[in-house]
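Okay, structure first, notes after.
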Protein chains: 2
Amino acid sequence: MCSTSAIADRLRTAGLRPTRQRLALGALLFGGGRDRHVTAEQLHAEVAARGGRVSLATVYNALNQFTAAGLLREVVVGPGRLYFDTNVGDHHHFYIENEGTLLDIPADRVAIARLPSAPEGMRLERVDVVVRVRR
Amino acid sequence: MCSTSAIADRLRTAGLRPTRQRLALGALLFGGGRDRHVTAEQLHAEVAARGGRVSLATVYNALNQFTAAGLLREVVVGPGRLYFDTNVGDHHHFYIENEGTLLDIPADRVAIARLPSAPEGMRLERVDVVVRVRR
DNA sequence: ATAGCTGCAAATGCTTTGCAAGGCC
DNA sequence: GGCCTTGCAAAGCATTTGCAGCTAT
């Protein structure tokens with residue numbers, strides 16, 4: 001269920017060539033079965049720790065391409081703190097400020113009532129709820 | 001109600017010396033009577049447009065000091081997009097993505113039901129709701 | 001007088017880009 | 001082969017910091 005070929009298929013379906021680098025990153029991101037929140041830096045370190053050789057620029061490029069393809073979602077919690085979330089479904093986040101850690105909050109655990117409608121002529125893109133906590 | 005001396009008092013109360021630079025910034029931020037959302041860059045340009053001379057570094061420092069003193073609140077909507085909000089009360093935001101504009105949503109226009117409690121041993125800091133829209 | 005500010009420029013941190021070399025179809 | 005990718009290094013932004021000189025109290 002998380003073989004290399006499954007990831008290759010996933011990339012191909014998204015219109016991305018399954019190169020060695022993208023497969024390595026994809027395996028780390030999607031191969032574990034559970035959802036992840038990573039920064040480019042973290043992912044780069046992980047690949048390196050497993051003996052992979054992918055430049056940081058390529059990690060950034062790949063993450064952006066994965067995001068554009070709908071395989072990932074960006075989560076912004078602070079200036080200069082861009083996370084990529086493998087959970088692209090509807091959900092929200094806890095952000096542990098003094099650790100820099102993100103935790104998913106399933107969409108059905110948060111109910112937003114009485115959200116004002118988007119201003120005149122605007123299309124709603126997404127609603128992000130970030131619950132900031134501190135240990 | 002928005003004289004220079006009122007702003008000077010506000011700064012003094014916050015433990016900040018009412019210097020020429022902080023008064024100029026304070027007048028732009030708090031003098032208009034209505035709430036504002038600005039970036040350091042924008043505010044710097046505004047001061048310059050009125051003939052004021054304040055360095056960008058000082059604008060950043062002042063905004064951070066105002067925030068620490070509870071006069072402003074930071075709003076993060078994207079990486080490298082740090083806004084300062086003169087409305088320090090409980091409320092949320094519309095973010096118009098293709099304009100880079102923020103709009104306040106009064107707290108009583110949004111009701112968050114069933115928010116999961118903070119994980120074990122964590123103290124809730126704040127809940128940020130950003131409604132991303134696009135024109 | 002003196003502790004606190006300011007300005008400048010340099011440093012920092014994160015992310016993007018340009019371009020030549022390499023790899024997938 | 002041809003076009004997409006990669007790697008490296010350099011550029012780009014937003015923000016912070018170090019330090020000498022200035023200023024409010």
Side-chain angles (χ1 to χ4, degrees), chain A residues 4-5 7-27 37-48 51-69 71-84 100 102, chain B residues 4-5 7-28 37-48 51-69 71-72 74-84 100 102:
Chain A
T4 296
S5 70
I7 291 171
D9 286 345
R10 197 156 174 175
L11 292 176
R12 257 186 292 263
T13 303
L16 298 169
R17 282 187 191 170
T19 63
R20 175 176 58 74
Q21 292 83 344
R22 298 212 269 231
L23 287 171
L25 298 173
H37 303 98
V38 296
T39 62
E41 207 80 49
Q42 279 167 19
L43 196 58
H44 183 243
E46 270 186 64
V47 177
R53 293 139 293 152
V54 181
S55 79
L56 183 56
T58 296
V59 175
Y60 273 105
N61 289 336
L63 288 172
N64 286 330
Q65 291 151 355
F66 288 5
T67 302
L71 265 32
L72 293 177
R73 181 202 211 254
E74 288 185 351
V75 184
V76 179
V77 288
R81 270 206 165 299
L82 183 51
Y83 286 81
F84 293 87
L102 279 176
Chain B
T4 296
S5 70
I7 291 171
D9 286 345
R10 197 155 174 174
L11 292 175
R12 257 186 292 263
T13 302
L16 298 169
R17 283 190 190 167
T19 62
R20 175 174 59 72
Q21 292 84 344
R22 300 214 267 229
L23 286 170
L25 298 173
L28 289 172
H37 304 97
V38 296
T39 62
E41 206 80 50
Q42 279 166 20
L43 196 57
H44 183 243
E46 270 185 63
V47 177
R53 293 140 293 152
V54 181
S55 80
L56 184 56
T58 296
V59 174
Y60 274 105
N61 289 336
L63 288 172
N64 286 330
Q65 290 151 355
F66 289 5
T67 301
L71 266 34
L72 293 177
E74 289 186 349
V75 184
V76 179
V77 288
R81 271 206 165 300
L82 183 51
Y83 286 82
F84 292 88
L102 279 176

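Heavy-atom basis, side chains included; hydrogens, waters and symmetry copies ignored. The chains referred to below are lettered A, B, ... by the order of the sequence lines, with proteins before strands, and numbering in each begins at 1.
What separates CD of A:Glu74 from P of C:dC14 is a distance of 16 Å, to the nearest Å.
Mapping A:Asn64 and B:Arg22 onto DNA chain C by nearest heavy atom places B:Arg22 closer to the 5' end of the strand. Mapping B:Ala57 and B:Ala62 onto DNA chain C by nearest heavy atom places B:Ala62 closer to the 5' end of the strand.
Interatomic distance, CG of A:Leu82 versus CG of A:Leu63, reported as 8.5 Å (0.5 Å rounding). With rounding to the nearest 0.5 Å, the separation of CG in A:Asn61 from CZ in A:Phe66 is 11.0 Å. The line from NE2 of B:His44 to OG1 of B:Thr58 is 8.5 Å long, rounded to the nearest 0.5 Å.
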Contact letters for nucleotides 19-25 of chain C, in which S counts primed atoms plus P, OP1 and OP2 and B counts the base, heavy atoms under 4.0 Å: ----BBS
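For C:dT16, the OP1/OP2 oxygens have no side-chain nitrogen or oxygen of A:Tyr60 closer than 4.0 Å. Taking only side-chain nitrogens and oxygens, A:Gln65 never comes nearer than 4.0 Å to OP1 or OP2 of D:dT5. Applying the 4.0 Å criterion to OP1 and OP2 of C:dT6, one finds that B:Arg53 has every side-chain N and O outside that range. Applying the 4.0 Å criterion to OP1 and OP2 of C:dG7, one finds that B:Ser55 has a side-chain N or O inside that range.
Using a 4.5 Å cut-off on side-chain heavy atoms (C-beta onward), B:Val76 and A:Val77 make no contact. The closest side-chain heavy-atom distance from A:Glu74 to A:Phe84 is below 4.5 Å.
Closest to the side chain of A:Asn61, out of C:dT15, C:dT17, C:dG7, is C:dT17.
Under a cut-off of 6.0 angstrom, the local environment of CZ in A:Arg53 is sparse, with at most 12 non-hydrogen atoms contributed by other residues, nucleotides or ligands.
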